[in-house]
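A short worksheet on the structure shown next.
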Amino acid sequence: QVQLVESGGGLVQPGGSLSLSCEDSGSAYSFNAMAWYRQAPGKQRELVATITSGGSTNYVDSVKGRFTISRDGAKNTVYLQMNSLKPEDTAVYFCNAYLKRSWEVVGRAYWGQGTQVTVSS
């Protein structure tokens, strides 16, 4: 049973840093890809960064050069290091994991419960 648990959100001043983590505490699956999304009030959920099982990463343009996604395969954990934070980074951040086993035609996405990140002076 996949259970994604996020931690590390909080309040930080503009220009500051935060580190988020997301661990699958319920299974031993090796996910095909993991990602971070965010959703600000009144806005649609947005893909922030992704990382594949092979370590390839992608970022939304607005966070390139400031955020870094990484994963620890042994711990089934994905991290998001956020530097030079801006007020517009304020959102609930969600962890996402995609799993498609070899015999499946379609994979499945799993979500964490979300963690609040607030950037404000």
Test side chain to side chain donor-acceptor pair (under 3.5 Å) applied to Ser17 - qualifying residues, sequence neighbours left out: Asn83

Minimal non-hydrogen separation, Ser30 against Leu99, with atom names: O-CD1, 3.8 Å

Distance, nearest 0.5 Å, that separates CG of Asn58 from CG of Leu47: 8.5 Å

Any donor-acceptor N/O pair, Glu6 side chain to Cys95 backbone, under 3.5 Å: yes

Inter-residue atom distance Thr57.OG1 - Arg71.CZ, 0.5 Å rounding: 12.0 Å

Residues forming a side chain to side chain donor-acceptor pair (under 3.5 Å) with Gln3, sequence neighbours excluded: none

Glu104 atom CD, over 12 foreign heavy atoms within 6.0 Å: yes

Ala40 versus Thr90, closest heavy-atom pair with distance: CB-O, 3.7 Å

Hydrophobic cluster identity match, Ile51 and Tyr98, side-chain contacts under 4.5 Å: no

Under 3.5 Å: donor-acceptor pair, side chain of Tyr59, backbone of Ile69: yes

pair Pro87-Ser120: side-chain heavy atoms closer than 4.5 Å: no

Same apolar cluster (I L V M F W Y, side chains within < 4.5 Å links), Val63/Leu20: yes

Over 12 non-hydrogen atoms of neighbours within 6.0 angstrom of CD in Glu88: yes

Shortest non-hydrogen contact from Val105 toward Lys100: O-CE, 3.3 Å

Minimum heavy-atom distance between Ala49 and Leu80, given as atom pair plus value: CB-CD1, 4.3 Å

Residues forming a ring pair (Phe, Tyr, Trp, His ring centres under 6.0 Å) with Phe94, sequence neighbours excluded: none

Pair Tyr79-Cys22, side-chain contact (heavy atoms from CB on, under 4.5 Å): steps then yes or no: CA-CA 6 Å; Tyr79 306 94; Cys22 171; over 6 Å; no

Sequence-distant partners of Asp89, side chain to side chain donor-acceptor pair (under 3.5 Å), two or more places apart: Arg38, Arg66

Where Met34 and Val78 come nearest, the two heavy atoms and their spacing: CE-CG1, 3.8 Å

Sequence neighbours excluded - ring pair (Phe, Tyr, Trp, His ring centres under 6.0 Å) pairs with any residue from residues 10-30: none

Residue pair Tyr93 / Gln116, side-chain heavy-atom distance below 4.5 Å: no

Non-neighbouring partners of Asp72 that pass side chain to side chain donor-acceptor pair (under 3.5 Å), sequence neighbours left out: none

ILVMFWY cluster, Met82 and Val119 together (side-chain gap under 4.5 Å): yes

Closest heavy-atom pair and its distance - Leu85, Leu18: CD1-N, 3.8 Å

Side chain Asn76, main chain Asp24, donor-acceptor under 3.5 Å: no

Test of ring centre spacing under 6.0 Å for Tyr37 and Trp111: yes

